[in-house]
Amino acid sequence: MWRRLTATEGGQGLLMVSPPLIYALALLAVPLGAILLFSFWTQDFMTVDTTFTLNNYREIAEKPIYGALLQRSLFVAGCVTIVTVILAFPVAYFVSFHVRPERKSLWLFLITIPFWTSYLIRVFLWKVILGYNGVINTGLINLGLIEEPLTFILYNVNAVIITLAHAFAPFAILPIFVALEKIDRSLLEASQDLGESKFMTFLRVTLPLSMPGVVAAVLIVFIPTIGDYVTPELMGGAGGKLIANMIQTQFLALNNAPLGAALAIVAMLSVSAISLVFVLLNRRWLKGRS
């Protein structure tokens, strides 16, 4: 009787899991498998040769431009992640510890307002702000702080980092806020009762307990940033292109989908390896403190 009941429950559980599993396989595993398979083929204009080959990966390893673009992409993604998390933590901390409970929903609502507008519109707005005759340059000239417009804030890596940091700020604020909300306030009171200052309480209690949210924010920002091609295309100019722009060029402009697929696989493996190392180091750090 018990076995029959367990089998029935197992069948019901499998039935409940099957739709999302099939959905995930259809939208994630199958496309990734197709990209991986395509990366071992070659293409000559409209003709695709399905013969297994490593020429695409060999070309990526031999031509310095691909390595340079990947290094620049990792650097930009790292800078965007650092800037975003550093700016997001004080906002999340303020909302969690200094905003009255009945007003926290309003603050979270205000933080998510950027999601109401198109991503492209936000990028174009930053283009207006950072432009040669944009808001920043015009304001600085009118104040007499500069004589000529600044040229290093647009069509380069700096503009890409600024725009992406603003675009992904809500993604960093929300997980950090959730982690801070889960902290037992009695622990902070106990720390101060034992003689610790507010600053040391933050370093020894609040910050370590909020690390799961920080790690989540880092991963949420870092992983999609390296795959962004719209912002580098519009804001980066010739010196701000990333690996995603090269992948787009291979697929759409040069009609070399296999090489584009190989670049996508290399970028994905690089991001996965870095993310895994970061997660493992964070887990070891948390175990060391426990």
Side-chain angles (χ1 to χ4, degrees), residues 73-117 119 122 126 160-228 231 268 270-290:
S73 301
L74 295 174
F75 171 77
V76 170
C79 290
V80 171
T81 303
I82 293 173
V83 171
T84 305
V85 173
I86 290 177
L87 295 179
F89 196 99
V91 177
Y93 184 88
F94 175 79
V95 176
S96 179
F97 285 90
H98 297 285
V99 175
R100 288 183 295 180
E102 63 271 16
R103 298 203 171 198
K104 289 182 180 181
S105 298
L106 175 61
W107 277 83
L108 295 177
F109 170 76
L110 295 175
I111 290 171
T112 58
I113 280 181
F115 290 122
W116 292 21
T117 59
Y119 180 73
R122 282 180 280 162
W126 273 107
V160 175
I161 293 175
I162 293 172
T163 306
L164 288 175
H166 169 261
F168 285 95
F171 292 100
I173 295 173
L174 295 178
I176 296 175
F177 169 79
V178 172
L180 291 173
E181 282 290 282
K182 292 181 178 180
I183 297 177
D184 188 352
R185 298 316 194 247
S186 63
L187 297 176
L188 308 182
E189 295 176 0
S191 175
Q192 295 183 21
D193 290 341
L194 292 174
E196 293 287 6
S197 63
K198 290 185 177 180
F199 179 72
M200 294 306 299
T201 298
F202 171 79
L203 291 181
R204 294 185 175 184
V205 181
T206 307
L207 185 60
L209 292 177
S210 65
M211 284 307 295
V214 174
V215 173
V218 168
L219 296 178
I220 289 173
V221 174
F222 180 79
I223 293 175
T225 297
I226 199 171
D228 191 290
T231 301
M268 184 179 64
S270 301
V271 173
S272 300
I274 294 175
S275 301
L276 181 60
V277 170
F278 182 81
V279 170
L280 292 177
L281 290 176
N282 176 72
R283 183 176 299 177
R284 179 176 296 182
W285 181 77
L286 291 177
K287 286 183 178 179
R289 293 188 62 89
S290 60

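Here the closest heavy-atom approach between residue Thr231 and residue Asp228 is recorded as N-OD1, 3.0 Å. Taking every heavy atom of both residues into account, Ala179 and Ser210 meet most closely at CB-O, 3.9 Å. For the pair Pro170 and Ala167, the tightest heavy-atom approach, listed with the atom from each and the gap, is CD-O, 3.7 Å.
Legend: residues meeting side chain to side chain contact (heavy atoms under 4.5 Å, CB included) with Ile113, ordered by chain and number and at least two apart, are Phe109, Leu110. Under the side chain to side chain contact (heavy atoms under 4.5 Å, CB included) criterion, Leu74 pairs with Leu70, Phe222, Ile226, Ile274, sequence neighbours left out. For Leu219, the side chain to side chain contact (heavy atoms under 4.5 Å, CB included) partners are Val215, Ile223, Ser275, Val279, not counting sequence neighbours.
A 6.0 Å sphere centred on CZ of Phe97 holds more than 12 heavy atoms belonging to other residues, nucleotides or ligands.
In this structure, the side chains of Phe177 and Tyr93 stay at 4.5 Å or more apart for every pair of heavy atoms. Side-chain contact between Val160 and Leu164 is present, with heavy atoms from C-beta onward closer than 4.5 Å. A heavy-atom distance below 4.5 Å is found between the side chains of Leu187 and Leu209.
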Could you tabulate the donor-acceptor pairs under 3.5 Å formed by side-chain atoms of residues 188-200, not counting sequence neighbours?
{"from": "Ser191", "atom 1": "OG", "to": "Thr201", "atom 2": "OG1", "distance (Å)": "3.0"}
{"from": "Glu196", "atom 1": "OE2", "to": "Arg204", "atom 2": "NH1", "distance (Å)": "2.6"}
{"from": "Ser197", "atom 1": "OG", "to": "Met200", "atom 2": "N", "distance (Å)": "3.3"}

What side-chain donor-acceptor pairs closer than 3.5 Å can you find for residues 81-92, not counting sequence neighbours?
{"from": "Thr81", "atom 1": "OG1", "to": "Ala77", "atom 2": "O", "distance (Å)": "2.7"}
{"from": "Thr84", "atom 1": "OG1", "to": "Val80", "atom 2": "O", "distance (Å)": "2.6"}

Going by atom type alone, with no hydrogens or angles, which donor-acceptor pairs under 3.5 Å involve a side-chain atom of residues 98-106 and a protein atom two or more places apart or on another chain?
{"from": "Lys104", "atom 1": "NZ", "to": "Ser96", "atom 2": "O", "distance (Å)": "3.0"}
{"from": "Lys104", "atom 1": "NZ", "to": "Glu181", "atom 2": "OE1", "distance (Å)": "3.3"}
{"from": "Lys104", "atom 1": "NZ", "to": "Glu181", "atom 2": "OE2", "distance (Å)": "2.8"}

Determine, step by step, whether Thr112 and Leu174 satisfy the side chain to side chain contact (heavy atoms under 4.5 Å, CB included) criterion, reporting the C-alpha distance in whole Å, the side-chain angles of both residues, the deciding distance to 0.1 Å, and the verdict. CA-CA 9 Å; Thr112 58; Leu174 295 178; 4.3 Å; yes
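Distance check, rounded to the nearest 0.5 Å: CZ of Phe171 to CD1 of Ile220 gives 8.0 Å.
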